[in-house]
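Beneath this line is the structure, given in structure tokens, with notes to follow.
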Amino acid sequence: MQRQYWEKIAPAYNEEIFDVLQNDDKAIIRSAIKRIASPRKTVIDAGCAIGKWLPVLSPLFKKVIATDISAKNLAIAEKTHVHLANIEYCRVDMSAGKLKLPPADVIVCINAILSASLKKRQAFFHNLSSCLKKGGHLILVVPSLESWLLTRIIQHQWKIDKELFSERLPGIEAVKRYRDIRQGNVEIDSVATKHYLKEELHLLLSKEHMELTAVKKIEYGWNTEFLKPPKWLDQPRPWDWMMTAIKNK
Ligand SMILES: C[S@@+](CC[C@H](N)C(=O)[O-])C[C@H]1O[C@@H](n2cnc3c(N)ncnc32)[C@H](O)[C@@H]1O
């Protein structure tokens, strides 16, 4: 997932990209944000896209730094939220070598570390930590690899949306797909997208001196995975992982 991908998708962002804010029915992410927010604190929204979280963050913090790799996304965010006075918009590649962002008290990063490139993800995680003050809080939401696999197991066992899931790949593509899956890079709309295991996230954060304070599932309806989910299918539901952490060094 390169910058061009996000620039291209920007004009149709609402139709193309899953809306975590709208689908977090229990407002688990909003509650986590409220718990650590303060009118004295600065927050970075890392990978803010068209700024869906800005109306949530703006009234809770002194200042919001809205960052994204896509200039088009940021332009839409700025135009949409022109009435929110405490927001600074910065085009930033969180996977770049050196960032010019001043360290913040809080970082919110929701479904932005999706790159299939290990190098880019490592840099992104490192930069999250370096942009956070000591004692600062991170709220991270990422796709769950466990959830992706559970969906495939349930689909296969109960033959749900059979046509959509029955894909035959030529040898070379199948080998590539197999290698990708072993690294948690699974296809979403034909784009290899990183999904994470809970324990993997724990390790990644601890390597960046971030101590886990909570791990929660952000659960969605089965209609986000299947066109025709069976009526009996309820729990367990598909989910993203939300991890909250404090920078300890
Ligand atoms: C799925 S969208 C999530 C947007 C937003 N956080 C939300 O929940 O509505 C992912 C966003 O991350 C941004 N992004 C991806 N890689 C990035 C990077 N290296 N640095 C900054 N932003 C990045 C993309 O441009 C895109 O706008």
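Note that ligands are numbered from 1 as they come in the structure, with each ligand's atoms numbered from 1 the same way.
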Next on the checklist: As a check for students: among Ile113, Ile69, Ile17, identify the option with a heavy atom nearest to atom 22 (N) of ligand 1.
Outcome noted: Ile69
Checklist outcome for this item: Per-atom filter on ligand 1: closer than 4.0 angstrom to a heavy atom of Ala49 are 4 (C), 27 (O)
Item to check | Atoms of ligand 1 close to Asn111 [distance to a heavy atom under 4.0 angstrom, numbered from 1] | outcome: 1 (C), 2 (S), 3 (C), 10 (C)
Checklist entry - Does any non-hydrogen side-chain atom of Thr80 lie less than 4.5 Å from one of Ile50? => result no
Checklist entry - Below 4.5 Å, heavy atoms only, C-beta onward: do Val56 and Arg30 meet side chain to side chain? => result yes
[X] versus ligand 1: do any nitrogen or oxygen atoms come within less than 3.5 Å of each other?
X: Met94; result: yes
X: Ala46; result: no
X: Ile110; result: yes
X: Asp45; result: no
X: Asn73; result: yes
X: Trp53; result: yes

If I take atom [atom1] from residue [X] and atom [atom2] from residue [Y], how far apart are they, to the nearest 0.5 angstrom?
X: Cys48; Y: Asn73; atom1: SG; atom2: CG; value: 7.5 Å
X: Asp240; Y: Phe18; atom1: CG; atom2: CZ; value: 6.5 Å
X: Lys52; Y: Leu21; atom1: NZ; atom2: CG; value: 8.0 Å

May I ask whether [X] places a heavy atom under 4.0 Å from ligand 1?
X: Tyr13; result: yes
X: Val20; result: no
X: Thr67; result: no

Checklist entry - Hey, mind stepping through Trp158 and Leu233 against side-chain contact (heavy atoms from CB on, under 4.5 Å) and telling me if it holds? => result CA-CA 10 Å; Trp158 286 282; Leu233 185 58; over 6 Å; no
Next on the checklist: Please classify the Phe18 to ligand 1 contact at 4.0 Å (heavy-atom distances, strictly less than): side chain, backbone, both or neither.
Outcome noted: neither
Next on the checklist: Please work out, at 4.0 Å between heavy atoms, whether the side chain, the backbone, both, or neither of Val92 comes within that distance of ligand 1.
Outcome noted: backbone
Checklist entry - Hey, are Lys8 and Gln2 close enough side-chain-wise for a donor-acceptor pair under 3.5 Å? => result no
Item to check | Derivation and outcome, side-chain contact (heavy atoms from CB on, under 4.5 Å), residues Gln183 and Leu118 | outcome: CA-CA 9 Å; Gln183 298 308 319; Leu118 173 62; over 6 Å; no
Checklist entry - For the side-chain hydrogen bond (donor to acceptor under 3.5 Å, both in side chains) test, which of His137, Lys133, Lys41 pairs with Asp105? => result Lys133
